[in-house]
Student: 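Dumping the structure here so I can ask a few things about it.
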Amino acid sequence: MNKLREMIRKNRLYKEYKSKMVELVSHFPVDPQKVIFDNFGGRGYGDDPKYIAEELRKMHPELRLI
């Protein structure tokens, strides 16, 4: 599986698609009260993002943590 992922990352089309997605998303407004976390591609709640989210919740309860 890791070999397949590495092949995809090296693919020219993947790089072009990724840059186009970044360009597209950059046109949307930024919500300064929203923090988005990603852990293992959205498959879990753990590791560093979990502990960062828990501390942010204590320090800044007004933030929307996603």
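It should be emphasised that the depicted structure is a prediction, and the values quoted were computed from it without experimental measurement. Worth knowing before you read on, the calculation uses all heavy atoms, side chains too, and leaves out hydrogens, waters and symmetry mates.
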Student: Using a 6.0 Å cut-off, check whether atom OH of Y45 has over 12 heavy atoms from anything other than its own residue.
Tutor: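 Correct, the count exceeds 12.
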Student: To the closest 0.5 Å, what do you measure between CG (L56) and OH (Y51)?
Tutor: 15.0 Å
Student: Compare all side-chain heavy atoms of D47 with those of F37 and state whether any distance is below 4.5 angstrom.
Tutor: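 D47 does not reach F37 side chain to side chain.
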Student: Kindly write out the residues that satisfy side-chain hydrogen bond (donor to acceptor under 3.5 Å, both in side chains) with D31, not counting sequence neighbours, or none if the list is empty.
Tutor: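 In terms of side-chain hydrogen bond (donor to acceptor under 3.5 Å, both in side chains), with neighbours along the sequence ignored, D31 is linked to R64.
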Student: Kindly compute the distance separating CE (M59) from CD (E54), expressed to the nearest 0.5 Å.
Tutor: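 Reported value, rounded in 0.5 Å steps: 13.5 Å.
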Student: Quick one: are L65 and R57 in side-chain contact, heavy atoms under 4.5 Å?
Tutor: yes
Student: Within this structure, what is the NZ-CG distance for the pair K34 and L63, rounded to the nearest 0.5 Å?
Tutor: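 Here the interatomic distance stands at 12.0 Å.
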